[in-house]
Structure formats: structure tokens, C-alpha cells
Amino acid sequence: MTINIKDISEKDRNAVLHPFTQLKDFATGKLGEPTIVETGKGIRIQDAHGNQFIDGFAGLYCVNVGYGRTEVAEAISRQAYRLAYYHSYAAHTSDELAILSDRLVKMAPGKMSKVFYGMSGSDANETQAKLVWYYNNLRGKPNKKKIISRERGYHGCSVVSGSMTGMSFYHDNMDLPLPQIVHTGVPHHYWGATPGETEREFSARRAVELDQLIERLGPDNVGAFIGEPVLGTGGITPPPEGYWEAIQKVLKKHDVLLIADEVITGFGRTGSMFGSQHYGIEPDLITIAKGLTSAYFPLSAAIVGEKVYEVLEDGADKVGAFSHGYTYSGHPIGAAAANAVLDIVEKEDLPGNAREVGAFFQAQLKEKFAQLPIVGEVRGVGLMAAIEFVADRDNRKRFDPTLKIGARMSKAARERGLIARAMPHGDILGFAPPLVTTKAEVEEIVGIAESAVRFVMDELT
Ligand code: PLP
């Protein structure tokens, strides 16, 4: 299909309100033309001008099985022909939905019981908050409602999930965060540790701070803690050694539920099927989206652990029906897409590939970048990684933000055919390629990234 690029660009500029886009710069053309992404195959996408890019970020860390997987497209098409839609209210279901849910309960870490479906990570975290509140109402603890998340955590953009997100530019002028959501310190050793403090000591300090925060708020007022096993949008930051172990002790002590936000880490990205398994996390509730369908269809879920579900079921005689749901909860096409994607994840052992190719990727990044004078830290796990740039390595000083080093790195990479994301908090170049990426493709990614970083570094001297 040939498209009229000028016509599409004009229509887009006139009518699309783009997320995370400077609206005036886009409207006046300062940002240039919209990129019309037309096709994708494997780890590459192609725009309407025929330019190819390696997608080093799998869309938004989501196209884990890669682009152009006909198995998934066919499963979606089959289901659309058979039954495009029916709701899941009042005990209606589809075969794909029941099979998917059974599969998720069995594969998820911890003692999981039921799966509630939405369409995005944000709405799934919105559901998690309501589950925490509902659970505590039903068990006679009506004040146990505050939810603690971390600074630089990312949990979405809707009202509750946007409040959980711990970066102020997601709150400013949006009247967030809500008072029920409280933030605690970010688990990033590089920026947060005091001189000489080991990772374990730093983790222990973060746990003491959490303990003190819960004491200050009153344990009877704190319902849950939410965290990504690996901090994602806040900078692709694996937890410091001993972090989750120390945090979970505090949560248990105060009877505070743990929500593992596995929207990025679910289905293999860290090298384990779930980030919780990778870091010994035993969640009460799990949020999944992105990798669940590899973004072939919008589908998310809140997986509910036995402990929470039992209270919900016990309370049902008193409160009646569970009054929460979306028109598209458990959409049969989404379920069919997820089953086809999970077949690929399992058959091709994508967690194993993320572990093996990921180890090669991490080693390559360290080798090529860690010693550069403008690099403060190279970090990551599995197939997610970040290079953080600093003005002064010895004194850990950031660049002047007006230099926009992260954005320039990302632009230079893109001009060389690689999409790597300028992460929003600091001068950070982020990578999260599809989980089907090979070692040869890693070499290509790292080679282009090196050329881009050296180009910007030369501009600075
Ligand atoms: N949670 C995490 C960890 C995420 O990374 C994201 C999105 O990047 C979300 C939640 C929100 O998901 P969505 O953008 O689908 O609402």
C-alpha cells in the first residue's frame, strides 16, 4: 500500500494530540514532520520514506516477540472471524480467556489465584489500588489505604497510577499526586549512596527509611507498597544488592501488601520469566501488560494473590457483586493474542534468550562505554540497559540539563538507524530491544550506539 505522506502528515498535525510531545513545537513544525511508521519485521521498523531503524527499545519495551509475527496476526484474525467480542461480566467467558487465565495463574510467581483484565498498565494499576482498598474495607480495616511507591518509579499516567509514578513532571499541572499515594526513596545506589556505603548497606538504609515512613503514617493507615522489580522509565536501574529482601521484611512486619509492577519485567525481559523470580520477590498482587501480548493487542491484567482473593470471596455475601470492570475486560481477541504470544515466549525460550544474549549485551556495553570520560554508569539486567552520562565522573556531577545530552545521544543514534530512548530523568540512553534479538544484532546495536555517543562527545570538546 502506498500512502500520501504529505496528506497523512497534515491530517496528523491537524487532529492527533500526541502523548509526550511539545504541542506548540509540533503544531508549528519546529519538531519536523511526524514519523509515519509503516511496517516492522524482527527487530526493525520502517517509516513511510523507506528508512529502516533497529528498534532498540521494542516500541516502549513491549514488542518482545519482535515485529511481523504471523502466528500472532493469524490468532488475532481467527478470533476476530470467530467471535470479535463478548464481555466477561456476570460469568461470561471465552475459551481463549479461560485458557489464558489458567496459564497466567500457573506461571506467575507467588501464590496467585485470579486474573482481572484491563487494556493498559495504567488501568491495571488503577485496579490494584481499588483491590487494596476493597480488601481492607472487607476485612474491617477501613483506614489502611495509603499506598507507598518510590521516587522515580513509573506506574502509568492515569489518576491513581499517575500518582504512584514518582517523577514530578508527570504530576505538574495535572493536580497529582492524590493524597493517598506517598513516595519513598529511589533504590539507585549510584546517586543515592553516601561515600563508601556498600549496596547492601544502602538497601538496608532504604528499608529503615521505609519502616520509619510507615511508622510515621501509622501502620493501620498503610495498605500497600508498589514497585517495579527493576526501575524502568525512571532510568532502567536494577535494584541494589539485598534491596527486595530488606523491603519485604518491613512490609511483612506492618501487614502491608506488595504489588509487583511487572509491566516491563513480565515475560522474560530480565532473563527470568518474571522480575519477581529474578529478585526473590513474593508479591501479593502482580501487574502485567506490554509483554503479555507483545503489544499486538492492548491487554493488561492485575493478578490477584490467594491472600487477597480469599478476603474478596469471603466478603461477597455481604457486599454483593464485585463492582469493577471495563467493557473490554478479558477481550477475546486480546486473550487469543496473548496465548499466541505466550506460545512463542515458551517455545523459543525468550527468558533464556534474554539471559544469554542479555549477558553478552551488558558485557559489550560495559566494554565500550564504561571508561568513557562522560559516562557515569552502565547498568542493566537481561535485555534492558542504560548508559548514564555525567559532566564529572569523579564527583558524580550531572550535565547542565539545558545541554540535553540524553536527547542528543538518542537523536544521534536515530540518525544512524538505531532507536535508543532518552530516558526522562537525567541524561540516560536506554535500551530494551525485543527479546528475540541475537548476538549479531546486539553487535550492530552497540556499534551504532558507540558511533552516536562518540559523535556527541566530540561535539562537547
Ligand atoms: N507500569 C510500568 C512499570 C510501566 O513501564 C508502564 C508503562 O511504561 C506502565 C505501568 C503503564 O502502562 P501503560 O502505558 O500501558 O498505561
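Remember, it's 1-based here, ligands and their atoms both numbered in the order they're listed.
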key: Test: R13 cationic atom under 6.0 Å from F26 six-membered ring centre, within 45° of axis   = yes

key: Distance under 6.0 Å and angle within 45° of ring axis: K114 vs Y309   = yes

Shortest reach to atom 13 (P) of ligand 1 by a heavy atom, considering only G121, G156, A295, A260 = G121

Per-atom contacts, ligand 1 versus [X] - under 4.0 Å to a heavy atom:
{"X": "K290", "answer": "5 (O), 6 (C), 7 (C), 8 (O)"}
{"X": "H155", "answer": "1 (N), 9 (C), 10 (C)"}
{"X": "D261", "answer": "1 (N), 2 (C), 3 (C), 10 (C)"}
{"X": "S122", "answer": "11 (C), 12 (O), 13 (P), 16 (O)"}
{"X": "E228", "answer": "3 (C)"}
{"X": "I264", "answer": "5 (O)"}
{"X": "S120", "answer": "15 (O), 16 (O)"}

Option passing side chain to side chain contact (heavy atoms under 4.5 Å, CB included) with M112 (candidates V304, L285, I286) = I286

inquiry  = Please tell me whether Y117 and Y326 form a close aromatic pair, meaning their ring centres lie under 6.0 Å apart.
reply    = no

ask   = Do F431 and F361 have ring centroids that are under 6.0 Å from one another?
value = yes

inquiry  = For atom 2 (C) of ligand 1, what is the closest protein heavy atom, and at what distance to 0.1 Å?
reply    = Y154 O, 3.3 Å

inquiry  = If I compare all heavy atoms of Y170 with all of P424, which pair ends up nearest, and what's the gap?
reply    = OH-CG, 3.7 Å

